[in-house]
Amino acid sequence: QAQLVESGGGLVQAGGSLRLSCAASGLTFNNYAMAWFRQAPGKERDFVAGISWGGGSTDYADFVKGRFTISRDNAKNTVYLQMNSLKPEDTAIYYCAADLYGLGRSTQYEYEYWGQGTQVTVSS
């Protein structure tokens with residue numbers, strides 16, 4: 001059974017950095033596009049960043065471009081989200097998701113597997 005487990009969340013001051021990790025098991029990781037989404041209290045879940053199954057392309061939401069970087073390590077079955085210059089509005093639960101042979105796009109229904117999320121809180 002496929003499982004995605006996020007880690008690395010926490011409390012950080014504005015301007016700080018965090019690196020989120022998502023470890024995958026029970027699936028052939030190399031064949032899956034991976035993405036990060038986030039959901040703030042009272043808001044819908046939004047796409048943050050995605051990386052294609054081959055790792056050759058990435059996509060970012062406009063509100064994180066230049067600040068966040070998604071990467072993957074197929075040898076470790078892990079996808080990362082490096083978050084720099086964090087802002088209070090980045091506060092949310094961050095989820096990783098997997099899409100078989102996907103391109104890492106923002107369409108949520110394309111993703112077959114989801115993690116439980118990790119909380120990121122940015123204080124002002």
Side-chain angles (χ1 to χ4, degrees):
Q1 182 175 354
Q3 188 175 17
L4 304 177
V5 179
E6 302 94 336
S7 62
L11 174 64
V12 64
Q13 288 188 333
S17 298
L18 282 175
R19 189 177 79 154
L20 305 183
S21 300
C22 172
S25 61
L27 52 78
T28 305
F29 184 75
N30 297 20
N31 293 343
Y32 282 80
M34 300 299 295
W36 290 93
F37 293 80
R38 72 186 189 185
Q39 188 168 22
K43 296 186 177 181
E44 295 184 350
R45 187 164 58 187
D46 291 327
F47 172 79
V48 175
I51 185 166
S52 62
W53 70 276
S57 66
T58 57
D59 193 18
Y60 295 91
D62 287 343
F63 54 77
V64 302
K65 283 182 179 177
R67 299 190 298 126
F68 291 9
T69 302
I70 189 170
S71 61
R72 64 189 299 157
D73 185 339
N74 289 341
K76 295 183 178 180
N77 287 1
T78 301
V79 63
Y80 304 98
L81 185 68
Q82 178 66 43
M83 306 187 295
N84 299 329
S85 302
L86 283 161
K87 306 175 182 179
E89 51 264 45
D90 293 319
T91 295
I93 299 175
Y94 283 72
Y95 300 91
C96 71
D99 173 22
L100 182 63
Y101 294 124
L103 297 176
R105 297 181 297 192
S106 62
T107 311
Q108 296 191 37
Y109 68 77
E110 294 181 344
Y111 291 84
E112 295 94 343
Y113 300 109
W114 293 81
Q116 293 300 306
T118 185
Q119 176 70 49
V120 172
T121 303
V122 184
S123 63
S124 57

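In plain terms, the two heavy atoms of Ala98 and Met34 that are nearest each other are CB-SD, 3.6 Å. Residues Asn84 and Gln82 come closest through the heavy atom pair OD1-NE2, 2.9 Å. Here the closest heavy-atom approach between residue Gly9 and residue Leu20 is recorded as N-CD2, 3.6 Å. When every heavy atom of Gly104 is checked against every heavy atom of Asp59, the shortest pair comes out as O-CB, 3.9 Å. Nearest heavy-atom pair across Leu86 and Arg67 is CA-NH1, 3.9 Å. Between Trp36 and Val79, the shortest heavy-atom distance links the atoms CZ2-O, 3.8 Å.
Using a distance-only test at 3.5 Å, with no hydrogens or angles considered, no donor-acceptor pair links the side chain of Glu6 to the main chain of Cys22. At distances below 3.5 Å, at least one donor-acceptor pair connects side-chain atoms of Tyr60 with backbone N or O atoms of Ile70. Judged by distance alone, with hydrogens and angles left aside, the side-chain atoms of Ser52 form a donor-acceptor pair with the main-chain N or O of Ser57 at under 3.5 Å.
Classification of the Phe37-Tyr111 ring pair by plane angle, with boundaries at 30° and 60°, yields perpendicular. Between Trp114 and Tyr95, the ring planes lie perpendicular to each other; the angle is over 60°, past the 30° to 60° tilted range. Between Tyr94 and Phe68, the ring planes are tilted. Angles from 30° to 60° get that label.
For the pair Glu112/Leu27, no side-chain contact is recorded, criterion being any heavy-atom separation below 4.5 Å from C-beta on. Contact check for Thr91 versus Gln119: side-chain heavy atoms found under the 4.5 Å cut-off. A 4.5 Å side-chain heavy-atom check between Val120 and Met83 finds at least one atom pair inside the cut-off.
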Discussion item. Please evaluate residues Asp62 and Lys65 with respect to the criterion salt bridge (charged side-chain N to carboxylate O under 4.0 Å, His left out), reporting the C-alpha separation (whole Å), side-chain torsions for both, the decisive distance (0.1 Å), and the verdict.
Written reply: CA-CA 5 Å; Asp62 287 343; Lys65 283 182 179 177; 3.2 Å; yes
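Residues passing the side chain to side chain contact (heavy atoms under 4.5 Å, CB included) test with Glu110, sequence neighbours excluded: Asp99, Arg105, Thr107.
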Solution key, residues 39-48 side-chain donor-acceptor pairs under 3.5 Å, sequence neighbours excluded:
residue, atom, partner, partner atom, Å
Gln39, NE2, Lys43, O, 3.0
Arg45, NE, Gln108, OE1, 2.9
Arg45, NH2, Gln108, OE1, 3.2

